[in-house]
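See below for the structure under consideration.
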Amino acid sequence: MALFGPPGAGKGTQAQLLKERLEIAHISSGDLFRFHLKEGTALGKKASEFMSQGLLVPDDLVIEMVLGKVNELGAESGFILDGFPRTREQAIALDRALLEDSRGLDKALLVDVPQDELVRRLGGRFICRNCQAPFSLEPSQFEAPPSCSFCGGELYQRDDDRAEAIQVRIGVYQEQTKPVLDFYRQQGLLAEISGVGPVDEINRDAINALGLDS
Ligand code: AMP
């Protein structure tokens with residue numbers, strides 16, 4: 001399945017819960033890029049100039065990276081895609097690759113959140129450098145963020161969660177990723193839920209929308 005939603009909708013949190021529930025792999029294109037960035041690989045260096053501005057990394061780089069991961073899992077393994085596909089070209093490449101193994105996506109799930117709420121959430125979002133867990137901080141904590149309550153790692157604000165990049169990322173989502181939703185809607189694969197409210201309630205809605213027993 002693939003998870004969709006604007007930046008800050010909570011896709012990563014829901015993906016993590018669904019992964020545990022369904023016992024399948026979680027492939028997050030954003031996390032993969034951040035890993036390459038941290039390791040200083042050639043791909044990380046190429047991606048960083050786009051990421052820091054809130055722009056999409058070119059399709060050929062993303063497609064190779066994500067489909068490489070899907071292939072590594074093998075044709076029998078299920079997976080949750082989080083943050084991919086984000087353009088029509090990526091969606092078509094994914095369809096083609098899955099078709100080669102005589103399979104396709106079972107479901108696409110949109111977690112939707114209104115724009116003013118996204119700006120508020122992203123502006124206060126800090127991430128653990130070690131385990132990637134997200135935290136919501138008040139402006140008074142920005143100068144000296146606390147440590148990660150899960151692993152004690154250092155919390156930092158992503159470059160693309162700064163005010164200038166947030167507006168760009170929301171614009172990119174509207175223009176480039178929304179058409180991908182139509183692509184799956186037309187195939188009858190898209191389910192939609194609200195991403196506003198307590199995490200466990202959103203997860204219950206996700207499970208219902210996916211047709212799983214809660
Ligand atoms: P995310 O953590 O999903 O918000 O992704 C962080 C950044 O990584 C995005 O703003 C893009 O620059 C890049 N990125 C992640 N996934 C993709 C994708 N499917 N296509 C293009 N760029 C991506």
Side-chain angles (χ1 to χ4, degrees), residues 1-12 14-15 18-19 24-37 41-75 77-113 115 118 122 158-161 165-193 195 210:
M1 62 166 288
L3 260 183
F4 292 92
K11 293 187 294 293
Q14 290 304 321
L18 289 170
K19 166 197 158 138
I24 56 178
H26 169 207
I27 302 176
S28 157
S29 46
D31 283 353
L32 288 173
F33 278 131
R34 280 184 288 278
F35 173 79
H36 280 279
L37 224 72
T41 67
L43 176 59
K45 285 184 185 128
K46 276 191 212 156
S48 75
E49 52 185 293
F50 300 95
M51 290 175 75
S52 60
Q53 296 177 67
L55 297 171
L56 292 186
V57 176
D59 282 333
D60 52 341
L61 299 179
V62 189
I63 289 169
E64 193 184 335
M65 177 182 75
V66 175
L67 294 186
K69 277 281 162 198
V70 169
N71 285 333
E72 264 175 35
L73 291 175
S77 304
F79 51 83
I80 301 171
L81 292 172
D82 161 11
F84 181 94
R86 259 170 152 110
T87 63
R88 262 190 90 82
E89 289 67 25
Q90 293 176 20
I92 290 166
L94 173 66
D95 257 21
R96 284 212 185 107
L98 293 178
L99 208 58
E100 277 179 23
D101 292 329
S102 307
R103 58 184 186 155
L105 278 191
D106 291 320
K107 210 74 184 166
L109 178 67
L110 167 63
V111 182
D112 214 359
V113 170
Q115 191 159 328
L118 295 174
L122 291 171
R158 284 168 43 175
D159 281 348
D160 58 352
D161 280 348
I166 290 174
Q167 292 301 340
V168 176
R169 288 166 70 205
I170 292 174
V172 164
Y173 174 77
Q174 300 285 355
E175 281 166 33
Q176 292 178 267
T177 306
K178 277 208 161 165
V180 181
L181 298 176
D182 293 331
F183 180 83
Y184 291 114
R185 200 175 274 123
Q186 280 156 13
Q187 296 178 48
L189 292 179
L190 187 70
E192 303 184 35
I193 59 167
L210 292 170

Fill in: Distance, nearest 0.5 Å, that separates CG of Leu181 from NZ of Lys178
7.5 Å
Practice prompt. Specify the closest pair of heavy atoms between Ala2 and Pro85, including all atoms of both residues, with the distance to one decimal.
Written response: CB-CD, 4.4 Å
Worksheet item: Less than 4.5 Å apart, any side-chain heavy atom of Ile27 and any of Leu73?
Response: yes
Worksheet, complete the sentence: Output for pair (Leu32 CG, Lys69 NZ), nearest 0.5 Å, gives 6.0 Å
Discussion item. Rounded at 0.5 Å granularity, tell me how far OG1 in Thr41 sits from NZ in Lys46.
Written reply: 9.5 Å
Worksheet item: ring pair (Phe, Tyr, Trp, His ring centres under 6.0 Å) with Phe84: which residues, sequence neighbours excluded?
Response: none
Item to complete: Please report the closest heavy-atom contact between Gly12 and Asp82, naming both atoms and the distance.
Response: CA-OD2, 3.5 Å
Enumerate donor-acceptor pairs with a distance under 3.5 Å from any side-chain N or O in residues 88-97 to protein atoms, sequence neighbours excluded.
unit_1, atom_1, unit_2, atom_2, d
Gln90, OE1, Arg86, N, 2.8
Gln90, NE2, Asp59, OD1, 2.9

Practice prompt. May I ask you to decide if Gly5's main-chain N or O and Lys11's side chain share a donor-acceptor pair within less than 3.5 Å?
Written response: yes
Item to complete: Quick one: pull up CZ in Phe183 and CG in Leu189 and give me the separation to the nearest 0.5 Å.
Response: 9.0 Å
Worksheet item: Hey, mind stepping through Glu192 and Arg185 against side chain to side chain contact (heavy atoms under 4.5 Å, CB included) and telling me if it holds?
Response: CA-CA 10 Å; Glu192 303 184 35; Arg185 200 175 274 123; 3.0 Å; yes
Discussion item. Among residues at least two apart in sequence or on other chains, which ones pass side chain to side chain contact (heavy atoms under 4.5 Å, CB included) with Ala47?
Written reply: Phe33, Met51, Val57
Practice prompt. Check whether any side-chain heavy atom of Asp31 sits under 4.5 Å from a side-chain heavy atom of Phe35, and report yes or no.
Written response: no
Response to the item:
Closest non-hydrogen atoms of Pro6 and Leu118, given as atom of the first, atom of the second and distance, are CB-CD1, 3.4 Å
Worksheet item: Would you find a donor on one side and an acceptor on the other, under 3.5 Å apart, between the side chain of Ser52 and the backbone of Asp159?
Response: no
Worksheet item: Looking at Val172, Ile166, Val168, which hits side-chain contact (heavy atoms from CB on, under 4.5 Å) with Ile170?
Response: Ile166
Discussion item. Within this structure, what is the CG-CG distance for the pair Leu67 and Leu98, rounded to the nearest 0.5 Å?
Written reply: 7.5 Å
Item to complete: Only counting residues at least two apart or in another chain, list the ones meeting side chain to side chain contact (heavy atoms under 4.5 Å, CB included) with Asp161.
Response: Leu122, Arg125, Gln157, Arg158, Arg169
Discussion item. Looking at Lys107, I want to see if its NZ is surrounded by more than 12 non-hydrogen atoms of other residues, nucleotides or ligands under 6.0 Å.
Written reply: yes
Item to complete: Could you list the residues that satisfy side chain to side chain contact (heavy atoms under 4.5 Å, CB included) with Glu64, not counting sequence neighbours?
Response: none
Practice prompt. Can you measure from CG (Leu109) to CD1 (Ile193) and round to the nearest 0.5 angstrom?
Written response: 5.0 Å
Worksheet item: Taking only residues two or more places apart in sequence, or in another chain, which ones meet Ile80 in a side chain to side chain contact (heavy atoms under 4.5 Å, CB included)?
Response: Met1, Leu3, Ala15, Leu18, Lys19, Ile24
